[in-house]
Amino acid sequence: MEANAPNMRNCTVGNQAHIEPNVMLGYKYTNWKEPLRLGDYPLIHSGAVIYSDTEIGNYFTCGHNVTIRAQCIIGDRVVILHGCTLEGKVIIGKGVKIMANVYIPSQTVIGNMVFIGPGTHFLNALFPMRKLGISGPKVGNNVVIGGGVTINPGVVIGDNVFVASGTTVIRDVPSNSLVYGCPGVNKSLPARFGKRNDPVQIFCGLDLWNGYRDDDSWRIEDFFGKEDWLSDSDNTRDINTK
């Protein structure tokens, strides 16, 4: 094996994988038995380290220098961009886009069709180094989290929530809310913010630099809110012209 070839020592990988050099798949500690399981069509860029005992769905896109530790469950069509860290025991739904330099600790749960802006930090220890016990945040479906957001331990964010950039979320956020400020203030979501995230944008795991084109296969799959989306008049937009 070449010195900079991918290191794939404890994993199963689906069809049509594109894995760049200097990637480590299936990293494990002593006595770990479960392999890393990757679905079909993964695109993994150099510098990524993904531990064993993690399961990742189809059409996964992983940026440079991403670390994903053990016992994560990641759904189909998830994009995780460069410099992100998932500290293990994280659950992520289908169609989630995580921008650069995001930190997600253990016991965090993220729903479907969620966008997380760059530099966002989730926390899971309310009294670090003072009291034992952790509680990761829980994020609902069709949520938008802007850049530079901090989400405190144990916070529950409902469905169709928009978190403004720079917000510090210290308390639960009900569904259909806008939260902004430091500390975050919850308001009813204005109508102009819409009722859900656009699958045309969120499911396209395109690599802008390599020019890969989405095959539109997501349109025949099930996803959260599909019935509502199909009822809209703009659901025939061409994703490759956006």
Review point. Who pairs with Y103 by ring-ring contact (aromatic ring centres under 6.0 Å, His included), at least two apart in sequence or on another chain?
Key: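 None.
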Side chain [X], main chain [Y], donor-acceptor under 3.5 Å:
X	Y	value
K94	D222	yes
D159	S175	no
K226	R219	yes

Under the salt bridge (charged side-chain N to carboxylate O under 4.0 Å, His left out) definition, can you give me all pairs with a residue in [range], not counting sequence neighbours?
range	answer
residues 40-60	R37-E55
residues 114-124	none
residues 58-69	R69-E87

How long is the span from the [atom1] atom in [X] to the [atom2] atom in [Y], to the nearest 0.5 Å?
X	Y	atom1	atom2	answer
L25	C11	CG	SG	5.0 Å
E20	H64	CD	NE2	5.5 Å
I116	L81	CD1	CG	11.0 Å
N176	L189	CG	CG	6.5 Å

Between L36 and the options I68, I50, T12, the side chain to side chain contact (heavy atoms under 4.5 Å, CB included) test singles out I50
From the list I80, T54, T67, side chain to side chain contact (heavy atoms under 4.5 Å, CB included) with L86 holds only for I80
Could you report the tightest heavy-atom contact between [X] and [Y], atom names first, then the distance?
X	Y	result
T168	C182	OG1-SG, 3.4 Å
F203	G95	CE2-CA, 3.4 Å
N101	C84	N-SG, 3.7 Å
F115	I202	N-CD1, 4.3 Å
G63	A48	O-CB, 4.2 Å
C72	G88	SG-CA, 3.6 Å

Contact between [X] and [Y] at the side-chain level, heavy atoms closer than 4.5 Å - yes or no?
X	Y	result
Q71	E34	no
D198	W229	yes
I44	L38	yes
R77	P199	no

[X]: side chain to side chain contact (heavy atoms under 4.5 Å, CB included) partners, not counting sequence neighbours:
X	value
Y41	Q16, Y59
D228	R196
L123	T150, N152, P153

For the residue pair Y29 and Y51, categorise the inter-ring angle as parallel (less than 30°), tilted (30 to 60°) or perpendicular (more than 60°). perpendicular
Q: Using the six-membered ring wherever Trp is involved, compare the ring planes of F193 and F162 and label them parallel, tilted or perpendicular (cut-offs 30° and 60°).
A: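 It falls in the perpendicular class, over 60°.
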Would a hydrophobic clustering, with Ile, Leu, Val, Met, Phe, Trp and Tyr connected at side-chain separations under 4.5 Å, put [X] with [Y]?
X	Y	result
V114	I91	no
V109	I104	no
W218	L230	yes

Sorted by first residue and then second, give each ring pair (Phe, Tyr, Trp, His ring centres under 6.0 Å) pair with at least one member in residues 132-161; sequence neighbours left out.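 Sorted pair list comes back empty.
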query = Under the side chain to side chain donor-acceptor pair (under 3.5 Å) test, which residues partner H82, sequence neighbours left out?
reply =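 By the side chain to side chain donor-acceptor pair (under 3.5 Å) rule, H82 matches no residue at all.
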What side-chain donor-acceptor pairs closer than 3.5 Å can you find for residues 132-143, not counting sequence neighbours?
| unit_1 | atom_1 | unit_2 | atom_2 | d |
| --- | --- | --- | --- | --- |
| N141 | OD1 | N112 | N | 2.8 |
| N141 | OD1 | N112 | ND2 | 3.1 |
| N142 | OD1 | N197 | N | 3.0 |

* Asked: Using links of under 4.5 Å between side-chain heavy atoms of ILVMFWY residues, direct or through other members, which residues join M129 in one cluster?
  ->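 The other cluster members (ILVMFWY side chains, heavy atoms under 4.5 Å, direct or chained): none.
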**Study point:** Residues I145, V169; criterion side-chain contact (heavy atoms from CB on, under 4.5 Å); working and verdict
**Key:** CA-CA 11 Å; I145 299 173; V169 184; over 6 Å; no
The complete set of side chain to side chain donor-acceptor pair (under 3.5 Å) pairs with one or both residues in residues 177-194, sequence neighbours excluded, reads none
Original post:
Step by step, would you call I157 with I151 a side-chain contact (heavy atoms from CB on, under 4.5 Å)?
Top reply: CA-CA 10 Å; I157 297 176; I151 302 177; 3.9 Å; yes
